[in-house]
Protein chains: 2
Amino acid sequence: MVTIYDIAKKANVSAMTVSKVINNTGRISEQTRKRVKKVMEELNYIPNSNARSLVLQQTQILSLLITDITNPFYTSLARGAEDSAKKLGYRLLFGNSDEDYNKEQDYVDMILSTRVDGVLFAPAGDHSLKHLEKLRAHNIPFVIMDRAVPGIDSDIVSGDSKQGARNLVDYLINLGHRRIALVNGSLDVSTARLRYEGYAEALRLHGIELDDELVLHKSYREYNDEDQLSRLLEQPSPPTAIFAANNFLAVGVINALRKRGIRVPEDMSVVCFDDLDLSSALDPFLTVAAQPAYQFGAMGIQLLVERIQGSALPEARKVILPSELIIRSSAKTIGS
Amino acid sequence: MVTIYDIAKKANVSAMTVSKVINNTGRISEQTRKRVKKVMEELNYIPNSNARSLVLQQTQILSLLITDITNPFYTSLARGAEDSAKKLGYRLLFGNSDEDYNKEQDYVDMILSTRVDGVLFAPAGDHSLKHLEKLRAHNIPFVIMDRAVPGIDSDIVSGDSKQGARNLVDYLINLGHRRIALVNGSLDVSTARLRYEGYAEALRLHGIELDDELVLHKSYREYNDEDQLSRLLEQPSPPTAIFAANNFLAVGVINALRKRGIRVPEDMSVVCFDDLDLSSALDPFLTVAAQPAYQFGAMGIQLLVERIQGSALPEARKVILPSELIIRSSAKTIGS
DNA sequence: AATGATAGGGTTATCGATAACCCTAAATGT
DNA sequence: ACATTTAGGGTTATCGATAACCCTATCATT
């Protein structure tokens with residue numbers, strides 16, 4: 001690998017002069033500047049960012065940790081983050097925790113040892129607390145994405161889970177549904193709690209009693225628990241509509257329903273949080289509360305960089321992006 | 001940040017001893033080893049991998065460059081790569097070129113300056129040649145994913161585009177179709193050329209003449225060119241089936257068809273390369289040639305690491321993974 | 001002509017970790 | 001009892017780039 005010293009020797013200057021040319025600092029005559037640049041091109045010089053990071057104590061790398069790279073919500077978010085990071089002159093180090101605290105742990109260690117300048121962190125859930133505390137202990141700035149973590153006060157970009165859930169359930173109620181099931185994510189994820197709250201509130205405001213038999217808590221990733229679903233459907237008074245707390249759960253539920261010969265929406269209405277992108281483009285079927293995933297990422301990086309560069313006020317900033325109710329055809333008036 | 005020297009001082013040993021403890025090299029008594037480890041934990045020590053990389057001349061980082069992070073094919077591939085990399089003790093630096101040669105260029109420079117140990121490279125197309133040559137000039141091992149690049153002889157993992165295309169078109173022909181259109185990717189992408197070849201071969205073997213009026217070349221990402229599609233459909237003898245060269249194109253085509261009131265498959269059969277994952281899970285509609293994307297990534301990393309560690313034979317290895325014809329309901333017998 | 005200012009560029013130490021080699025006291029061999 | 005090993009650990013130089021400071025012609029100033 002060619003180094004700054006190789007350039008220096010061939011251009012007949014000192015290494016420091018080369019460094020100054022690269023960084024446009026110090027006083028260098030136009031003549032030597034050109035000479036040095038020419039040699040750099042000839043030798044195909046590429047600066048070693050490890051060496052640079054070591055002395056500068058900063059890497060110009062941001063880390064993006066997401067929980068599921070196969071989920072369109074997170075890939076859109078990643079695109080937003082990437083575009084934004086690029087614009088601001090940072091590289092992006094991706095990580096995918098797979099909703100798994102152990103993998104998340106590993107990534108945190110890797111992040112720390114890479115000495116990234118900041119982290120955009122989509123936590124797996126409440127137990128991510130210790131990972132965030134570790135980042136904080138090491139003074140790495142971070143912005144939380146999507147899921148709040150109790151015990152951590154930091155910048156965060158999230159959706160309005162409660163309102164989004166209310167909108168979806170309101171919509172179902174207005175279609176005449178009274179027995180509405182919730183297939184939720186795990187309760188140690190903040191968005192799942194909020195979606196539950198929104199669900200409960202919508203029912204309450206319409207004078208419908210909340211029946212715990214209608215509420216399932218699973219994981220945002222698993223979408224096949226035939227037994228649970230059976231119990232749900234084989235009640236004396238079964239649901240006529242299902243609110244799935246995210247896109248994957250909705251797909252799983254619909255598949256399970258079909259397997260039993262239950263048609264959507266004829267026999268059962270289904271709505272969910274988060275859109276399905278490609279799938280909805282091909283077939284605008286699912287009625288959803290869509291979140292602006294790209295904005296999540298773009299906004300997150302912006303907050304993070306402000307934090308890193310110290311241009312942000314010290315208080316933690318909480319950005320809440322609204323979701324949009326997109327009515328399609330997976331839910332219909334009851335009995336119609 | 002706490003360094004190896006802080007540990008050394010507190011444990012009353014030299015920095016070298018600490019290094020030896022960390023790396024399990026040299027001769028250290030069990031007693032001091034324990035003492036050092038204890039201090040490392042107390043001080044929450046995390047090694048600085050930049051410093052490490054600088055002296056070791058290797059980073060334990062692999063780079064994965066894909067062309068479209070929103071395409072399920074590449075996200076599955078990424079998962080495979082990630083799992084495989086993790087297993088082999090490497091970190092993964094993601095990049096997303098967006099099918100854009102300029103972005104790709106930027107990523108290549110970043111890859112070089114990061115001094116990654118190797119690159120899993122999904123090229124945007126034939127013009128990626130100079131980027132690959134640059135990597136080679138700098139002695140960075142790489143494995144090409146998915147798309148071959150003329151002029152570069154290297155390890156590569158790709159699908160069998162020609163055979164996959166043949167299978168799809170054979171299938172359509174067996175359904176009775178004779179006027180079959182091809183909506184292809186750009187011709188400077190090897191897979192698009194091969195899919196075209198497979199298409200042409202299938203026609204030829206069935207004695208059907210190839211009509212260039214039925215062949216469109218666009219990009220794998222764009223999927224809305226109303227004018228081109230109009231010309232295609234408004235021919236004297238319009239197609240009865242369309243073979244889209246990838247998933248995105250299929251979605252775009254189907255949408256455009258529907259907008260015109262043309263039903264799929266009643267009025268027009270459609271098949272494509274690559275599956276749609278979530279979408280197909282929700283609604284098994286599109287008949288596709290599905291590629292084992294996860295295997296692409298896993299296999300790619302394996303080849304790459306063998307290359308890096310020198311355990312591979314010098315010859316370039318070409319792995320071709322077959323695609324699977326999944327027959328669903330987007331194509332049907334003509335006239336039925 | 002003497003003084004100071006400035007342009008242009010060089011020296012040296014440093015970031016954190018490790019390789020290669022060196023040192024010393026205790027253990028071992030004969 | 002003396003020469004060797006060996007266990008256990010320390011010294012020094014190095015990776016590539018940069019900050020902070022220093023040096024020396026040349027130019028302007030009075």
Side-chain angles (χ1 to χ4, degrees), chain A residues 1-37 39-40 43-61 109-117 138-140, chain B residues 1-37 39-40 43-61 109-117 138-140:
Chain A
M1 276 290 174
V2 11
T3 76
I4 213 175
Y5 297 97
D6 302 324
I7 311 292
K9 191 178 295 177
K10 187 155 181 190
N12 246 310
V13 292
S14 76
M16 200 58 233
T17 301
V18 178
S19 173
K20 283 172 182 162
V21 169
I22 292 171
N23 297 294
N24 248 310
T25 56
R27 287 192 282 239
I28 306 292
S29 73
E30 206 41 49
Q31 201 183 355
T32 47
R33 179 184 304 282
K34 270 187 185 153
R35 186 155 37 98
V36 170
K37 285 204 166 174
V39 175
M40 292 197 330
L43 296 189
N44 246 304
Y45 171 73
I46 304 259
N48 183 325
S49 58
N50 291 113
R52 205 152 189 277
S53 301
L54 191 58
V55 54
L56 289 183
Q57 299 284 57
Q58 55 159 36
T59 52
Q60 293 294 112
I61 295 180
D109 285 340
M110 155 174 156
I111 281 166
L112 287 169
S113 85
T114 306
R115 301 295 195 264
V116 301
D117 294 346
H138 286 272
N139 264 312
I140 311 285
Chain B
M1 275 290 174
V2 11
T3 75
I4 211 175
Y5 297 97
D6 302 323
I7 310 291
K9 190 178 296 178
K10 189 155 181 192
N12 245 311
V13 293
S14 75
M16 199 59 232
T17 302
V18 178
S19 173
K20 282 172 183 162
V21 169
I22 292 171
N23 298 294
N24 248 308
T25 56
R27 287 192 282 236
I28 306 292
S29 73
E30 206 41 49
Q31 200 182 357
T32 48
R33 179 183 306 280
K34 269 187 185 151
R35 184 155 38 97
V36 169
K37 285 205 165 172
V39 175
M40 292 196 330
L43 297 189
N44 246 303
Y45 171 74
I46 305 261
N48 182 325
S49 58
N50 292 112
R52 204 150 190 279
S53 301
L54 191 57
V55 54
L56 290 183
Q57 300 284 60
Q58 56 160 38
T59 53
Q60 292 294 112
I61 295 180
D109 285 341
M110 156 175 156
I111 281 167
L112 287 170
S113 85
T114 306
R115 300 296 195 265
V116 301
D117 293 345
H138 285 272
N139 265 313
I140 310 285

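Here the structure is a predicted model, which means the values were calculated and not measured. Letters A, B, ... are given to chains in the order of the sequence lines, protein chains preceding strands, and every chain is numbered from 1. FYI, side chains are in, hydrogens and waters are out, and symmetry mates aren't considered; it's all heavy atoms of this structure.
Atom CG in L54(B) sits about 13 Å away from atom C1' in dT18(D), given to the nearest Å. Rounding to whole angstrom units, CD of residue Q31(A) and C1' of dG9(C) are separated by 13 Å. For the pair N24(A) CG and dA19(D) P, the computed distance is 13 Å after rounding to whole Å. Straight-line distance from the CD1 atom of I4(B) to the C1' atom of dG10(D): 13 Å, rounded to whole Å. Separating the OH atom of Y5(B) from the P atom of dG10(D) is a distance of 13 Å, rounded to the nearest angstrom. Atom-to-atom, CG of N50(B) to P of dA17(D) comes out at 13 Å; the value is rounded to the nearest Å. The interatomic distance linking I28(B) (CD1) with dG8(D) (P) rounds to 9 Å, in whole Å. A straight line from CG of N48(A) to C1' of dG16(D) spans 6 Å, rounded to a whole angstrom.
Within the 4.0 angstrom heavy-atom criterion, no nucleotide atom of any strand lies near S53(A). Within the 4.0 angstrom heavy-atom criterion, no nucleotide atom of any strand lies near I22(A).
Between S19(A) and S14(B), the residue anchored nearer the 5' end of DNA chain D, judged by the nucleotide with its closest heavy atom, is S14(B). Comparing V18(B) and R27(A) along DNA chain C, the residue whose closest nucleotide (by nearest heavy atom) sits nearer the 5' end is R27(A). Nearest-nucleotide mapping onto DNA chain D: of L56(B) and M16(A), the residue sitting toward the 5' end is L56(B).
Taking CD of Q57(B) as the start and CG of N50(A) as the end, the distance is 9.5 Å to the nearest 0.5 Å. Atom-to-atom distance recorded for S53(B):OG and D117(B):CG is 8.0 Å, nearest 0.5 angstrom. With rounding to the nearest 0.5 Å, the separation of CD1 in I7(B) from CD1 in I22(B) is 7.5 Å. Here the NE2 atom belonging to H138(A) is positioned 11.0 Å from the OG atom belonging to S113(A), to the nearest 0.5 angstrom.
Contact annotation: T32(A) side-chain N/O to dG9(C) OP1/OP2 distance is under 4.0 Å. Contact annotation: N23(B) side-chain N/O to dT18(C) OP1/OP2 distance is under 4.0 Å.
Residue T17(B) places its side chain closer to dG10(D) than to any other of dG10(D), dC15(C), dG9(C). Checking dG8(C), dG10(C), dT14(C) against every side-chain atom of V13(A), the shortest atom distance belongs to dG10(C). The side chain of Q57(B) sits closest to dC15(D) out of dC15(C), dA17(D), dC15(D). Listed nucleotides dG9(D), dG9(C), dG16(D) differ in distance to K20(B); the shortest reach to its side chain belongs to dG9(D).
Judged by atom type and distance alone, R52(B) does not reach the base of dA17(C) through any side-chain donor-acceptor pair under 3.5 Å.
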Assess the residue pair R33(B) and N24(B) against the criterion (side chain to side chain contact (heavy atoms under 4.5 Å, CB included)); give the C-alpha distance rounded to whole Å, side-chain angles, the decisive distance to 0.1 Å, and a yes or no. CA-CA 9 Å; R33(B) 179 183 306 280; N24(B) 248 308; 3.4 Å; yes
